Number of protein chains: 2
Amino acid sequence: MVPCRISNNIRNLRFNQNEMTQQQLADLVGVTRQTIVAIEKGKYSPSLELAFRIARVFRLQVEEVFTYEEVRN
Amino acid sequence: MVPCRISNNIRNLRFNQNEMTQQQLADLVGVTRQTIVAIEKGKYSPSLELAFRIARVFRLQVEEVFTYEEVRN
DNA sequence: ATATTGTGTAAAGAATACTTTACATCAAAA
DNA sequence: TTTTGATGTAAAGTATTCTTTACACAATAT
């Protein structure tokens, strides 16, 4: 796959929208806290399923939480 | 993770929008044809990255290509 | 002072996405 | 009728996502 970057604003959403901890978000979407940490920190990007679940928690579209951009030089 | 279903209308989009083969779509998004087959047939759902790439080909939002719904009984 | 809460990191293993190779079927073209 | 192109399936291997366990640190509360 062509190199790209998927960033997200989960951290901001957690604070601004519902004042929610990583653990609470993890529970709401059904994964472990470490998974949330890894995604927030950009270690890897989630599965589509998890992306949907996270977006739903904040009542947003996937695109409003995750930003896809191709990497060009 | 709570059971859910992710469906998609890639097949329709291929036919209606650009008259595109599985192989062409695969090349455009940088995966093998088998991956497209598996996703169209619902064998598994793509990574978020691939979902973005497919949506981009059709100039659509992720939500316009993939539909997430929780399974309730 | 020490317990608790929220966050970060790391490493081994399980689960899922994706590749590679190969072969089968059907429809349409030569 | 033979060939070609589009699609479907399957199995073994690689890569990535996610879990589990464990520990560390800083800020706040007791």
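Since we're looking at a predicted model, the values are computed, not measured. Throughout, a chain's letter reflects where its sequence line sits, starting with A, and its residues are numbered from 1.
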inquiry  = Please list all pairs meeting salt bridge (charged side-chain N to carboxylate O under 4.0 Å, His left out) that have one or both residues in residues 19-34 of chain B, counting only residues at least two apart or in different chains.
reply    = none
query = Between B:Leu50 and A:Leu48, does a side-chain contact (heavy atoms from CB on, under 4.5 Å) hold up when you go through it step by step?
reply = CA-CA 9 Å; B:Leu50 182 50; A:Leu48 179 58; over 6 Å; no
Pull out every protein N or O sitting under 3.5 Å from an N or O of nucleotides 3-7 of chain C, one pair per line with the distance.
from	atom 1	to	atom 2	distance (Å)
C:dT7	OP1	A:Arg14	NH1	3.0
C:dT7	OP2	A:Gln22	N	2.9
C:dT7	O4	A:Arg33	NH2	3.4

task = List in chain and number order the residues that pass side chain to side chain contact (heavy atoms under 4.5 Å, CB included) with A:Gln34, two or more places apart in sequence or in another chain; answer none if no residue qualifies.
result = A:Thr32
query = Taking atom P of D:dA10 as reference, at what distance in whole Å does atom OH of B:Tyr44 sit?
reply = 14 Å
remark   = For A:Leu60, the side chain to side chain contact (heavy atoms under 4.5 Å, CB included) test, sequence neighbours excluded, returns A:Leu13, A:Gln17, A:Phe58, A:Glu64, A:Val65
query = Looking only at side-chain N and O atoms, does A:Thr35 come under 4.0 Å of OP1 or OP2 in D:dC18?
reply = no
request  = Sequence neighbours left out, what passes side chain to side chain contact (heavy atoms under 4.5 Å, CB included) with A:Ser45? Give chain and number order.
outcome  = A:Ile6
ask   = For B:Ile36 and C:dT20, what is the distance between atoms CD1 and C1' respectively, to the nearest whole Å?
value = 16 Å
message = For DNA chain D, which residues of residues 45-56 of chain A approach it to below 4.0 angstrom with any heavy atom?
response = A:Ser45, A:Pro46, A:Ser47, A:Leu50
task = Tell me, please, which residues at least two apart from A:Thr67 pass side chain to side chain contact (heavy atoms under 4.5 Å, CB included).
result = A:Ser7
Quiz item: B:Gln34 side-chain donor-acceptor pair to D:dT7 base, under 3.5 Å = no
note = Quick note, side-chain hydrogen bond (donor to acceptor under 3.5 Å, both in side chains) partners involving residues 46-56 of chain A, not counting sequence neighbours, are A:Arg53-B:Tyr68
key: Any residue meeting salt bridge (charged side-chain N to carboxylate O under 4.0 Å, His left out) with B:Glu63, in chain and number order, not counting sequence neighbours   = none
Enumerate the protein-to-nucleotides 28-30 of chain D contacts in which both atoms are nitrogen or oxygen and the separation is below 3.5 Å.
none

query = Does the side-chain contact (heavy atoms from CB on, under 4.5 Å) test come out yes or no for B:Val31 and B:Leu25, once each step is laid out?
reply = CA-CA 9 Å; B:Val31 297; B:Leu25 177 56; over 6 Å; no
ask   = With the 4.5 Å side-chain cut-off for hydrophobic clustering, are B:Ile10 and B:Val37 part of the same group?
value = no
